[in-house]
Amino acid sequence: MNAFAQRLGLRWPLIQAPMAGVQAHALTVAVSEAGALGSLPAAMLSPNALRDELQAIRAKSSRPFNLNFFCHTDPAPDTAAEAAWLAALQPYYAELGVDPAQAGSGASRAPFGEVAAALVEEFRPPVLSFHFGLPPPELLQRVKRTGAYVLSSATTLDEARWLEQHGADAVIAQGLEAGGHRSHFLSDDLSRQQGTMALLPQLKAALRVPVVAAGGIADAAGVAAAMALGADAVQVGTAYLLCPEATTSAVHRAALQSDAGRHTALTNLFTGRPARGIVNRFMRKLGPMNPAAPAFPLATAAVAPLRERAEAQGSGDYSPLWAGQNASGCRAMPAAEITRSLAAGW
Ligand SMILES: Cc1cc2nc3c(=O)[nH]c(=O)nc-3n(C[C@H](O)[C@H](O)[C@H](O)COP(=O)(O)O)c2cc1C
């Protein structure tokens, strides 16, 4: 197997993408036990929940796994922007019969900080990946002192170079096809971002550290194509969304299996940052991009009651249905089988 897989003790250089909101340790463990690198997303977990998840992984598997964090800068509280956003959502509150007093406020996701660093020191995950750049230097040093291998995603060549210079052991080339949040951190100009086939070879030509291809890879042929373009490994998210080990909601699963699953767009409506998801009514009406959405992650609180009410009625009209452009690899089958079918690309 290649140097990347050897370095991390994997059977194949394949990473199951961390996917906050649609998975916990069961998917991580299933993929790691199958011989690839399972990931645990920590962005939406409280410290206690993260501890429970890490304990569950340690109890069920001794294989390598990846622990993933967001490392955005917390936005300044902005009650005016949150109030304006809630006002923009009034027609939808009225339509669904939801009381606006139910809207929460504040941040829905915390960046990597002191408490998370202490948990990393305690549990010593062999691999850590970050989204939206890297933690501040002193926190990154604490992570590195545990011996962890550190990855982060780049959407442009500039970001990839920055990550290499600031201590990433490998860089994930996140093509525009990818599901979930765009990982950009140097520029939010989406027109600077490229698809996987365009981005990957440029990063390979410019970087010394290994490059992981992510975005739109859904089957063995996609894996082989990424390797032909020089990828040292691939990271696959969307193809795992229908696995029984994922916690993907019923409305999300239904959308992925319908024609709608072929129509995705980048939207800032659900969190305040662009992320790729299946186009639904909310995105058609208010976006997909809307300048009234407050800074990440402040947009989430006001949308949450709408989502809850709609989902209770079996509707995904107000849910973030994160998915990449290529949902063709989604199968309702165990994660180990998806992993093995992707691995046939080597
Ligand atoms: C449902 C979903 C949730 C995601 N959540 C995260 C996350 O919490 N952290 C992260 O680093 N990347 C996240 N991503 C992005 C993935 O890391 C990766 O870039 C993407 O899945 C690759 O493209 P693909 O979905 O076409 O395979 C998410 C992607 C999806 C589809």
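In what follows, every heavy atom counts, from backbone to side chain, and hydrogens, waters and symmetry copies are set aside. By convention here, the first residue in the shown sequence is residue 1. Both counts, for ligands and for their atoms, begin at 1 and track the order of listing.
For the ligand labelled ligand 1, residue Asn326 lies outside the 4.0 Å heavy-atom shell. Gly216 counts as a contact of ligand 1, since one of its heavy atoms falls under 4.0 Å from the ligand.
Counting the atoms of ligand 1 from 1 in the order shown, those under 4.0 Å from a heavy atom of Val236 are 27 (O).
The list of salt bridge (charged side-chain N to carboxylate O under 4.0 Å, His left out) pairs with a residue in residues 1-14, not counting sequence neighbours, is empty.
Shortest contact from atom 14 (N) of ligand 1 to any protein heavy atom: Pro18 O, 3.5 Å. Among protein heavy atoms, the minimum distance from atom 1 (C) of ligand 1 is reached at Trp322 CB, 3.4 Å. The protein heavy-atom contact nearest to atom 27 (O) of ligand 1 is Gly237 N, 2.8 Å. For atom 17 (O) of ligand 1, the nearest non-hydrogen atom of the protein is Gln235 NE2, 3.0 Å. Of the protein's non-hydrogen atoms, Met19 CA, 3.4 Å is the one closest to atom 4 (C) of ligand 1. Of all protein heavy atoms, the one lying nearest to atom 25 (O) of ligand 1 is Thr238 OG1, 2.5 Å. Closest to atom 16 (C) of ligand 1 among all protein heavy atoms lies Ala17 CB, 3.6 Å. In this structure, atom 15 (C) of ligand 1 lies nearest to the protein heavy atom Gly179 O, 3.3 Å.
Remark: the Thr339 side chain and the Tyr240 side chain contain an N/O donor-acceptor pair separated by less than 3.5 Å. Gln102 and Glu308 share no side-chain donor-acceptor pair at under 3.5 Å. The closest side-chain donor-acceptor pair between Arg281 and Ser315, if any, does not fall under 3.5 angstrom. For Glu82 and Ser105, the side-chain atoms include no donor-acceptor pair closer than 3.5 Å.
With a 4.0 Å cut-off on non-hydrogen atoms, Gln174 touches ligand 1 through its side chain and not its backbone. By the criterion of a heavy-atom distance under 4.0 Å, both the backbone and the side chain of Ala20 are placed next to ligand 1. At a heavy-atom distance under 4.0 Å, only side-chain atoms of Phe70, from C-beta outward, approach ligand 1.
Each of Leu286 and Leu266 belongs to its own hydrophobic cluster when Ile, Leu, Val, Met, Phe, Trp and Tyr are linked at side-chain heavy-atom distances under 4.5 angstrom. Under a hydrophobic clustering in which Ile, Leu, Val, Met, Phe, Trp and Tyr are joined whenever their side-chain heavy atoms come within less than 4.5 Å, directly or via other members, Tyr92 and Leu298 fall into different clusters.
Using a 4.5 Å cut-off on side-chain heavy atoms (C-beta onward), Val279 and Arg284 make contact.
Polar contact with ligand 1: present for His131 (N/O pair, distance under 3.5 Å).
The cationic group of Arg273 lies under 6.0 Å from the six-membered ring centre of Phe132 and within 45° of the ring axis, placing it in a cation-pi geometry.
Every residue two or more places apart in sequence or in another chain was checked for a salt bridge (charged side-chain N to carboxylate O under 4.0 Å, His left out) with Arg309, and none qualifies.
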